[in-house]
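Taking it in order: structure first as structure tokens, then the write-up.
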Amino acid sequence: VQLQASGGGSVQSGGSLRLSCAMSGSTLDFYGIGWFRQAPGKEREGVACFTHSDGSSAYAEDLKGRFTISRDNAKNTVHLEMNNVRPEDSAVYYCGTGSNAWYKGWCLSDYYGVDYWGKGTQVTVSS
């Protein structure tokens, strides 16, 4: 399984970005994909994810209403729509999956247990 994240860039506060995570080597049917981010000096944290068992989505509490995770099965790709971005959203964004993706809200756990990481994509939000 390989994951490739893309779509990052520089945007002004209040703007929007759409990140993409393309999977190769397998299909989304067998995995729950999550988005994570890591800002300088901070630990990597879960942003949003799909649960493999029932296809539901989960979001970090403070991102609800601004970020939306979606999937395009035909393109084997998961997207993260980021709206009304803020400077504190600046980070390297990663997509990942693992055995824990079976469980609801897995990416928001302290032990998300990602087995496969995509290369990160940088998001920079200026004020």
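Side chains are part of it too, since the values below use all heavy atoms of this structure and drop only hydrogens, waters and symmetry mates.
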Arg44 side chain near Trp117 side chain, heavy-atom distance below 4.5 Å: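 Contact flag for Arg44/Trp117 side chains = yes.
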Student check: side-chain heavy atoms of Ile33 and Met23 closer than 4.5 Å: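 Side-chain contact under 4.5 Å: yes.
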Are the side chain of [X] and the backbone of [Y] linked by a donor-acceptor contact shorter than 3.5 Å?
X: Asn100; Y: Tyr111; answer: yes
X: Ser90; Y: Val125; answer: yes
X: Thr97; Y: Gly32; answer: yes
X: Asn73; Y: Leu28; answer: no
X: Thr121; Y: Gly8; answer: yes
X: Asn76; Y: Ser26; answer: yes
X: Trp106; Y: Gly98; answer: no
X: Asp115; Y: Ser99; answer: yes

Distance in Å, [X] [atom1] paired with [Y] [atom2], rounded so as to fall on 0.5 Å steps:
X: His79; Y: Thr68; atom1: NE2; atom2: OG1; value: 12.5 Å
X: Arg66; Y: Tyr59; atom1: CZ; atom2: OH; value: 12.5 Å
X: Met82; Y: Asp89; atom1: CE; atom2: CG; value: 5.0 Å
X: Cys21; Y: Asp72; atom1: SG; atom2: CG; value: 12.5 Å
X: Cys95; Y: Ile69; atom1: SG; atom2: CD1; value: 9.5 Å
X: Lys75; Y: Ser20; atom1: NZ; atom2: OG; value: 8.5 Å

Going hydrophobic residue to hydrophobic residue with side-chain gaps under 4.5 angstrom, can you get from [X] over to [Y]?
X: Val92; Y: Val47; answer: no
X: Trp35; Y: Tyr116; answer: yes
X: Tyr103; Y: Val114; answer: no
X: Val11; Y: Leu80; answer: yes
X: Leu108; Y: Leu19; answer: no

Cation-aromatic face contact Arg37/Tyr94, 6.0 Å, 45 degrees: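 Ring-cation test returns no.
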Heavy atoms from other residues, nucleotides or ligands near CD of Glu88 exceed 12 (cutoff 6.0 Å):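 Counting other residues, nucleotides and ligands, CD of Glu88 exceeds 12 neighbours.
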Neighbour count >12 (heavy atoms, 6.0 Å) for atom CD, Gln38: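 It does: Gln38 CD has more than 12 such atoms within range.
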Ring center gap for Tyr112 and Phe36 short of 6.0 angstrom: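 Tyr112 vs Phe36: aromatic centres under 6.0 Å.
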Donor-acceptor side-chain pairing of Lys104 and Ser53 below 3.5 angstrom: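 No.
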Donor on one side chain, acceptor on other, Asn84 and Arg86, under 3.5 Å: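 Judged by distance alone, the side chains do not pair up.
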Glu61: salt bridge (charged side-chain N to carboxylate O under 4.0 Å, His left out) partners, not counting sequence neighbours: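 Residues passing salt bridge (charged side-chain N to carboxylate O under 4.0 Å, His left out) with Glu61: Lys64.
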Over all atoms of both residues, closest heavy-atom pair of Ser13 and Ser127: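 That would be CB-CA, 4.1 Å.
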With His52, the ring-ring contact (aromatic ring centres under 6.0 Å, His included) member among Phe30, Trp102, Tyr31: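 Per the ring-ring contact (aromatic ring centres under 6.0 Å, His included) rule, the option paired with His52 is Trp102, out of Phe30, Trp102, Tyr31.
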